[in-house]
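Throughout, residue positions are numbered sequentially from 1 according to the sequence presented.
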Amino acid sequence: MAARTVLFVLFDDVQTLDLTGPLEVFAGAERAAPGTYDIRTASAGGAPVRSSSGLRLTPDGGLADAPAPHTLVVPGGYGARRPQPDITAWLRDRAPRARRVVSVCTGAELLAGAGLLDGRRATTHWAYCAELARRHPAVEVDPDPIFIRDGDVATSAGVTSGIDLALALVEEDLGRDVALLIARHLVVFLRRPGNQAQFSAQLAAQTAQREPLREVQQWIDEHPGGDLSVDALAGRAGLSPRHFARAFRAETGVPPGRYVDGVRLEAARRLLEDSAYGVEEVARHCGYGTPESMRRAFVRALGASPAEYRRRFAAA
(Lines give C-alpha, C1' and ligand atoms only; values in the text may rest on other atoms or scores of the structure.)
Protein backbone atom coordinates (compact mmCIF):
# COMPACT_ATOMS: atom_id res chain seq x y z
CA MET A 1 0.00 0.00 0.00
CA ALA A 2 1.32 3.45 -0.91
CA ALA A 3 2.34 5.72 1.94
CA ARG A 4 -0.36 8.04 3.18
CA THR A 5 0.69 11.66 2.68
CA VAL A 6 0.17 13.72 5.82
CA LEU A 7 0.42 17.42 5.02
CA PHE A 8 0.83 20.07 7.73
CA VAL A 9 -0.06 23.66 6.85
CA LEU A 10 2.37 26.30 8.20
CA PHE A 11 1.86 30.03 8.69
CA ASP A 12 3.35 32.83 10.78
CA ASP A 13 2.45 32.65 14.49
CA VAL A 14 1.56 28.98 14.33
CA GLN A 15 1.50 27.32 17.77
CA THR A 16 4.57 25.07 17.83
CA LEU A 17 3.03 22.26 19.86
CA ASP A 18 -0.10 22.22 17.72
CA LEU A 19 2.22 21.33 14.85
CA THR A 20 4.92 19.19 16.44
CA GLY A 21 2.66 17.13 18.72
CA PRO A 22 0.63 15.47 15.95
CA LEU A 23 3.67 15.46 13.66
CA GLU A 24 5.63 13.40 16.19
CA VAL A 25 2.77 10.90 16.38
CA PHE A 26 2.75 10.32 12.62
CA ALA A 27 6.56 10.31 12.51
CA GLY A 28 6.59 7.69 15.26
CA ALA A 29 4.14 5.59 13.27
CA GLU A 30 6.36 5.83 10.20
CA ARG A 31 9.34 4.65 12.25
CA ALA A 32 7.32 1.78 13.68
CA ALA A 33 5.87 0.78 10.31
CA PRO A 34 8.11 2.18 7.54
CA GLY A 35 6.39 3.19 4.35
CA THR A 36 3.03 4.00 5.93
CA TYR A 37 3.25 7.80 6.11
CA ASP A 38 4.90 10.46 3.97
CA ILE A 39 5.00 13.57 6.17
CA ARG A 40 5.20 16.98 4.50
CA THR A 41 4.96 20.62 5.57
CA ALA A 42 3.94 23.52 3.35
CA SER A 43 3.28 27.24 3.63
CA ALA A 44 1.81 29.83 1.31
CA GLY A 45 4.52 30.44 -1.27
CA GLY A 46 6.88 27.99 0.45
CA ALA A 47 8.35 30.75 2.62
CA PRO A 48 9.78 30.04 6.10
CA VAL A 49 7.49 30.99 8.97
CA ARG A 50 8.05 32.01 12.55
CA SER A 51 6.01 30.29 15.24
CA SER A 52 4.29 32.15 18.06
CA SER A 53 7.17 31.16 20.33
CA GLY A 54 9.75 32.56 17.90
CA LEU A 55 10.92 29.25 16.41
CA ARG A 56 11.74 29.59 12.72
CA LEU A 57 10.28 26.79 10.58
CA THR A 58 11.27 25.98 7.01
CA PRO A 59 8.57 24.08 5.10
CA ASP A 60 9.19 21.42 2.49
CA GLY A 61 7.59 23.65 -0.12
CA GLY A 62 4.60 25.76 -1.07
CA LEU A 63 0.96 24.84 -0.75
CA ALA A 64 0.37 25.28 -4.48
CA ASP A 65 2.88 22.53 -5.26
CA ALA A 66 2.07 20.23 -2.33
CA PRO A 67 1.05 16.65 -3.14
CA ALA A 68 -2.57 15.65 -2.70
CA PRO A 69 -2.79 14.70 0.99
CA HIS A 70 -4.45 11.69 2.50
CA THR A 71 -4.57 13.54 5.83
CA LEU A 72 -4.48 17.34 5.92
CA VAL A 73 -3.58 18.88 9.28
CA VAL A 74 -4.15 22.57 10.08
CA PRO A 75 -2.57 23.58 13.40
CA GLY A 76 -3.65 26.58 15.43
CA GLY A 77 -1.98 29.56 16.96
CA TYR A 78 -2.39 33.32 16.95
CA GLY A 79 -1.92 33.31 13.19
CA ALA A 80 -4.97 31.11 12.69
CA ARG A 81 -7.20 33.75 14.27
CA ARG A 82 -6.07 36.40 11.77
CA PRO A 83 -7.21 36.53 8.13
CA GLN A 84 -5.15 34.18 5.97
CA PRO A 85 -6.72 34.65 2.52
CA ASP A 86 -4.13 32.56 0.64
CA ILE A 87 -4.49 29.62 3.01
CA THR A 88 -8.27 29.92 3.20
CA ALA A 89 -8.58 29.90 -0.60
CA TRP A 90 -6.25 26.91 -0.85
CA LEU A 91 -8.21 25.02 1.81
CA ARG A 92 -11.50 25.74 0.07
CA ASP A 93 -10.12 24.31 -3.16
CA ARG A 94 -7.89 21.47 -2.01
CA ALA A 95 -9.18 20.23 1.36
CA PRO A 96 -12.26 18.48 -0.10
CA ARG A 97 -9.90 16.21 -2.05
CA ALA A 98 -8.21 14.93 1.13
CA ARG A 99 -9.39 11.71 2.74
CA ARG A 100 -9.28 13.37 6.16
CA VAL A 101 -9.12 17.01 7.22
CA VAL A 102 -7.89 17.76 10.73
CA SER A 103 -7.53 20.92 12.78
CA VAL A 104 -5.73 21.42 16.07
CA CYS A 105 -6.84 24.14 18.48
CA THR A 106 -7.65 27.39 16.65
CA GLY A 107 -6.84 25.79 13.31
CA ALA A 108 -10.61 25.30 13.31
CA GLU A 109 -10.88 29.02 12.51
CA LEU A 110 -9.12 28.45 9.19
CA LEU A 111 -11.30 25.45 8.35
CA ALA A 112 -14.42 27.41 9.23
CA GLY A 113 -13.24 30.38 7.17
CA ALA A 114 -13.01 28.05 4.17
CA GLY A 115 -16.56 26.79 4.78
CA LEU A 116 -15.35 23.30 5.66
CA LEU A 117 -17.15 23.21 9.03
CA ASP A 118 -20.53 24.51 7.89
CA GLY A 119 -23.26 22.21 9.18
CA ARG A 120 -20.77 20.15 11.19
CA ARG A 121 -20.05 19.68 14.89
CA ALA A 122 -16.64 21.07 15.78
CA THR A 123 -14.54 22.11 18.71
CA THR A 124 -11.50 24.23 19.42
CA HIS A 125 -9.60 25.46 22.47
CA TRP A 126 -12.10 26.21 25.22
CA ALA A 127 -11.02 29.87 25.35
CA TYR A 128 -12.00 30.43 21.69
CA CYS A 129 -15.17 28.35 21.30
CA ALA A 130 -17.44 31.36 21.78
CA GLU A 131 -15.43 33.32 19.22
CA LEU A 132 -15.63 30.46 16.70
CA ALA A 133 -19.40 30.21 17.19
CA ARG A 134 -19.87 33.97 16.85
CA ARG A 135 -17.78 34.27 13.70
CA HIS A 136 -19.21 31.16 12.04
CA PRO A 137 -22.84 30.62 13.05
CA ALA A 138 -23.21 27.76 10.54
CA VAL A 139 -20.82 25.68 12.68
CA GLU A 140 -22.21 23.68 15.61
CA VAL A 141 -19.52 24.44 18.19
CA ASP A 142 -19.23 22.07 21.15
CA PRO A 143 -16.80 23.39 23.79
CA ASP A 144 -16.60 20.22 25.86
CA PRO A 145 -14.86 17.35 23.98
CA ILE A 146 -11.13 17.19 23.39
CA PHE A 147 -11.81 16.23 19.80
CA ILE A 148 -14.77 15.67 17.50
CA ARG A 149 -14.97 13.66 14.30
CA ASP A 150 -17.80 14.60 11.97
CA GLY A 151 -17.49 12.59 8.78
CA ASP A 152 -14.10 13.13 7.18
CA VAL A 153 -13.41 16.30 9.20
CA ALA A 154 -11.94 16.20 12.71
CA THR A 155 -11.35 19.13 15.04
CA SER A 156 -9.50 19.09 18.35
CA ALA A 157 -9.14 21.33 21.36
CA GLY A 158 -5.97 22.95 22.66
CA VAL A 159 -2.41 21.73 22.14
CA THR A 160 -2.12 18.22 23.60
CA SER A 161 -5.54 17.15 22.33
CA GLY A 162 -3.98 17.20 18.85
CA ILE A 163 -1.80 14.32 20.03
CA ASP A 164 -4.88 12.42 21.20
CA LEU A 165 -6.57 12.91 17.85
CA ALA A 166 -3.44 11.91 15.92
CA LEU A 167 -3.15 8.74 18.01
CA ALA A 168 -6.77 7.91 17.23
CA LEU A 169 -6.08 8.35 13.50
CA VAL A 170 -2.96 6.19 13.63
CA GLU A 171 -4.90 3.53 15.51
CA GLU A 172 -7.55 3.64 12.79
CA ASP A 173 -4.88 3.24 10.09
CA LEU A 174 -2.41 0.83 11.65
CA GLY A 175 -4.08 -0.74 14.68
CA ARG A 176 -3.92 -0.36 18.41
CA ASP A 177 -0.50 -1.93 18.91
CA VAL A 178 1.28 0.69 16.80
CA ALA A 179 -0.64 3.54 18.45
CA LEU A 180 0.15 2.13 21.89
CA LEU A 181 3.84 1.91 21.02
CA ILE A 182 3.86 5.59 20.02
CA ALA A 183 1.92 6.64 23.11
CA ARG A 184 4.39 4.84 25.36
CA HIS A 185 7.31 6.45 23.55
CA LEU A 186 5.76 9.91 23.97
CA VAL A 187 4.74 9.09 27.56
CA VAL A 188 1.09 9.95 26.97
CA PHE A 189 -2.15 8.08 27.54
CA LEU A 190 -3.55 5.90 24.79
CA ARG A 191 -5.98 7.20 24.12
CA ARG A 192 -8.14 9.82 25.74
CA PRO A 193 -11.56 9.42 24.14
CA GLY A 194 -12.72 12.29 22.00
CA ASN A 195 -15.71 12.92 24.25
CA GLN A 196 -13.50 13.42 27.28
CA ALA A 197 -14.02 16.92 28.63
CA GLN A 198 -11.35 19.55 27.94
CA PHE A 199 -11.26 20.19 31.69
CA SER A 200 -10.76 17.65 34.42
CA ALA A 201 -12.80 18.33 37.53
CA GLN A 202 -9.67 19.68 39.18
CA LEU A 203 -8.85 22.01 36.28
CA ALA A 204 -12.43 23.15 35.82
CA ALA A 205 -12.53 24.31 39.43
CA GLN A 206 -10.37 27.02 40.83
CA THR A 207 -7.98 26.17 43.62
CA ALA A 208 -9.35 27.40 46.91
CA GLN A 209 -7.41 30.22 48.53
CA ARG A 210 -7.84 29.22 52.17
CA GLU A 211 -5.72 26.31 53.30
CA PRO A 212 -8.50 24.27 54.96
CA LEU A 213 -10.48 24.31 51.72
CA ARG A 214 -7.41 23.46 49.64
CA GLU A 215 -6.78 20.50 51.92
CA VAL A 216 -10.38 19.37 51.45
CA GLN A 217 -9.97 19.58 47.67
CA GLN A 218 -6.86 17.43 47.89
CA TRP A 219 -8.64 14.94 50.14
CA ILE A 220 -11.47 14.61 47.63
CA ASP A 221 -9.01 14.06 44.77
CA GLU A 222 -7.13 11.36 46.69
CA HIS A 223 -10.13 9.59 48.26
CA PRO A 224 -12.96 9.35 45.71
CA GLY A 225 -14.36 6.34 47.56
CA GLY A 226 -14.47 8.05 50.94
CA ASP A 227 -17.29 9.80 52.74
CA LEU A 228 -17.50 12.99 50.68
CA SER A 229 -20.78 14.27 52.01
CA VAL A 230 -21.00 17.97 52.77
CA ASP A 231 -21.21 17.22 56.49
CA ALA A 232 -18.04 15.09 56.41
CA LEU A 233 -16.11 17.59 54.29
CA ALA A 234 -17.27 20.50 56.42
CA GLY A 235 -16.03 18.70 59.52
CA ARG A 236 -12.66 18.16 57.85
CA ALA A 237 -12.48 21.89 57.11
CA GLY A 238 -13.63 22.86 60.60
CA LEU A 239 -16.68 24.72 59.31
CA SER A 240 -20.43 24.32 59.60
CA PRO A 241 -21.97 22.53 56.57
CA ARG A 242 -23.74 25.69 55.40
CA HIS A 243 -20.64 27.87 55.76
CA PHE A 244 -18.48 25.22 54.09
CA ALA A 245 -20.79 24.82 51.09
CA ARG A 246 -20.97 28.57 50.61
CA ALA A 247 -17.20 29.09 51.01
CA PHE A 248 -16.28 26.12 48.77
CA ARG A 249 -18.44 27.42 45.94
CA ALA A 250 -17.18 30.97 46.36
CA GLU A 251 -13.53 29.93 46.20
CA THR A 252 -13.65 27.13 43.61
CA GLY A 253 -16.53 28.25 41.42
CA VAL A 254 -18.48 24.99 41.79
CA PRO A 255 -20.63 23.50 44.58
CA PRO A 256 -18.92 20.72 46.57
CA GLY A 257 -21.36 18.09 45.31
CA ARG A 258 -20.61 18.87 41.67
CA TYR A 259 -16.88 18.81 42.34
CA VAL A 260 -17.19 15.41 44.03
CA ASP A 261 -19.27 14.07 41.12
CA GLY A 262 -16.61 15.15 38.64
CA VAL A 263 -13.75 13.63 40.61
CA ARG A 264 -15.58 10.32 41.02
CA LEU A 265 -16.46 10.16 37.35
CA GLU A 266 -12.84 10.79 36.32
CA ALA A 267 -11.54 8.20 38.78
CA ALA A 268 -14.02 5.63 37.48
CA ARG A 269 -13.13 6.37 33.86
CA ARG A 270 -9.43 5.92 34.54
CA LEU A 271 -10.02 2.58 36.26
CA LEU A 272 -12.27 1.35 33.46
CA GLU A 273 -9.66 2.36 30.88
CA ASP A 274 -6.52 1.15 32.62
CA SER A 275 -7.37 -1.53 35.21
CA ALA A 276 -8.82 -5.02 35.28
CA TYR A 277 -11.29 -4.19 38.09
CA GLY A 278 -14.85 -5.26 37.47
CA VAL A 279 -17.59 -2.67 37.24
CA GLU A 280 -18.76 -3.45 40.77
CA GLU A 281 -15.22 -2.99 42.15
CA VAL A 282 -14.82 0.29 40.27
CA ALA A 283 -18.14 1.55 41.63
CA ARG A 284 -17.12 0.68 45.18
CA HIS A 285 -13.61 2.14 44.81
CA CYS A 286 -14.97 5.41 43.45
CA GLY A 287 -17.70 5.92 46.03
CA TYR A 288 -20.78 5.17 43.96
CA GLY A 289 -22.10 2.61 46.39
CA THR A 290 -23.77 0.46 43.75
CA PRO A 291 -23.03 -0.27 40.07
CA GLU A 292 -26.44 1.14 39.21
CA SER A 293 -25.54 4.51 40.73
CA MET A 294 -22.37 4.58 38.65
CA ARG A 295 -24.28 3.53 35.54
CA ARG A 296 -26.71 6.44 35.97
CA ALA A 297 -23.81 8.87 36.43
CA PHE A 298 -22.08 7.60 33.27
CA VAL A 299 -25.22 7.68 31.14
CA ARG A 300 -26.04 11.19 32.36
CA ALA A 301 -22.54 12.58 31.75
CA LEU A 302 -21.23 10.48 28.85
CA GLY A 303 -24.23 8.91 27.18
CA ALA A 304 -22.80 5.41 27.72
CA SER A 305 -22.91 2.81 30.46
CA PRO A 306 -19.66 1.84 32.25
CA ALA A 307 -19.57 -1.46 30.35
CA GLU A 308 -20.01 0.33 27.02
CA TYR A 309 -17.36 2.87 27.97
CA ARG A 310 -14.89 0.11 28.81
CA ARG A 311 -15.53 -1.72 25.54
CA ARG A 312 -14.74 1.44 23.60
CA PHE A 313 -11.79 2.83 25.51
CA ALA A 314 -10.15 0.21 27.70
CA ALA A 315 -6.49 -0.62 27.15
CA ALA A 316 -5.89 -3.97 25.49
Side-chain angles (χ1 to χ4, degrees), residues 4 6 8 14-30 32 37 39 71-77 80 100-108 111 117 120-129 132 141-204 262 265-274 301-304 309-316:
R4 302 168 179 85
V6 183
F8 289 84
V14 66
Q15 161 67 256
T16 310
L17 280 176
D18 285 0
L19 166 69
T20 57
L23 192 151
E24 287 291 344
V25 171
F26 287 108
E30 169 61 20
Y37 292 112
I39 301 166
T71 301
L72 174 62
V73 183
V74 181
R100 298 185 300 216
V101 179
V102 175
S103 70
V104 183
C105 196
T106 52
L111 296 189
L117 299 183
R120 297 182 186 268
R121 286 182 65 237
T123 193
T124 186
H125 190 290
W126 61 268
Y128 303 109
C129 282
L132 179 64
V141 180
D142 188 340
D144 289 330
I146 59 171
F147 65 81
I148 292 174
R149 299 189 67 180
D150 189 332
D152 57 359
V153 177
T155 53
S156 60
V159 190
T160 56
S161 61
I163 295 175
D164 296 300
L165 176 52
L167 284 168
L169 297 177
V170 167
E171 183 176 349
E172 176 182 288
D173 292 341
L174 306 178
R176 186 177 183 85
D177 288 345
V178 173
L180 179 59
L181 178 67
I182 299 163
R184 285 173 173 164
H185 179 73
L186 296 177
V187 198
V188 296
F189 289 109
L190 176 76
R191 61 180 161 84
R192 290 193 298 172
N195 64 348
Q196 188 172 79
Q198 293 194 34
F199 283 125
S200 67
Q202 293 87 339
L203 286 177
L265 185 68
E266 280 185 38
R269 287 168 67 159
R270 286 195 300 269
L271 288 176
L272 289 171
E273 291 172 18
D274 301 326
L302 305 174
Y309 184 88
R310 169 166 271 172
R311 278 196 297 270
R312 292 176 61 192
F313 302 119

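Distance check, rounded to the nearest 0.5 Å: CD1 of Ile148 to OG of Ser161 gives 11.0 Å. Interatomic distance, OG1 of Thr123 versus CG of Asp144, reported as 8.0 Å (0.5 Å rounding). To the nearest 0.5 Å, atom CG of residue Asp173 and atom CZ of residue Arg4 are 4.0 Å apart. With values rounded to the nearest 0.5 angstrom, Leu23 atom CG is found 4.5 Å from Phe8 atom CZ.
Residues forming a side-chain hydrogen bond (donor to acceptor under 3.5 Å, both in side chains) with Asp150 (at least two apart in sequence, or on another chain): none. With sequence neighbours excluded, the residues satisfying side chain to side chain contact (heavy atoms under 4.5 Å, CB included) with Ala267 are Pro224, Arg270, Cys286.
Taking all atoms of both residues into account, the shortest heavy-atom contact from Ala80 to Pro75 is CB-O, 4.4 Å. Annotation for Leu265 and Ala301: closest pair CD2-CB, 3.6 Å, computed over non-hydrogen atoms. Contact between Gly162 and Ser156 at its shortest, heavy atoms only, is CA-OG, 3.8 Å. Here the closest heavy-atom approach between residue Arg149 and residue Ala154 is recorded as CG-CB, 3.9 Å.
Within the structure, salt bridge (Lys or Arg N to Asp or Glu O under 4.0 Å) contacts touching residues 15-27 (residues at least two apart or in different chains) do not occur.
With a 4.5 Å cut-off on side-chain heavy atoms, Phe26 and Leu169 count as touching. Taking 4.5 Å as the limit, every side-chain heavy atom of Gln15 sits out of range of all side-chain heavy atoms of His125. At a threshold of 4.5 Å between non-hydrogen side-chain atoms, the residues Tyr37 and Leu174 count as touching. With a 4.5 Å cut-off on side-chain heavy atoms, Val102 and Pro22 do not count as touching.
With Arg310 contributing its side chain and Leu272 its backbone, the two residues share a donor-acceptor pair below 3.5 Å. The backbone N or O of Ala179 lies less than 3.5 Å from no partner atom in the side chain of Glu171, so there is not a single donor-acceptor pair. In this structure, the side chain of Thr106 engages the main chain of Gly77 through a donor-acceptor pair within 3.5 Å. Not one N or O on the side chain of Thr124 forms a donor-acceptor pair closer than 3.5 Å with the backbone of Cys129.
Exactly one of Leu165, Leu117, Leu111 qualifies for a side-chain contact (heavy atoms from CB on, under 4.5 Å) with Ser103. That residue is Leu111.
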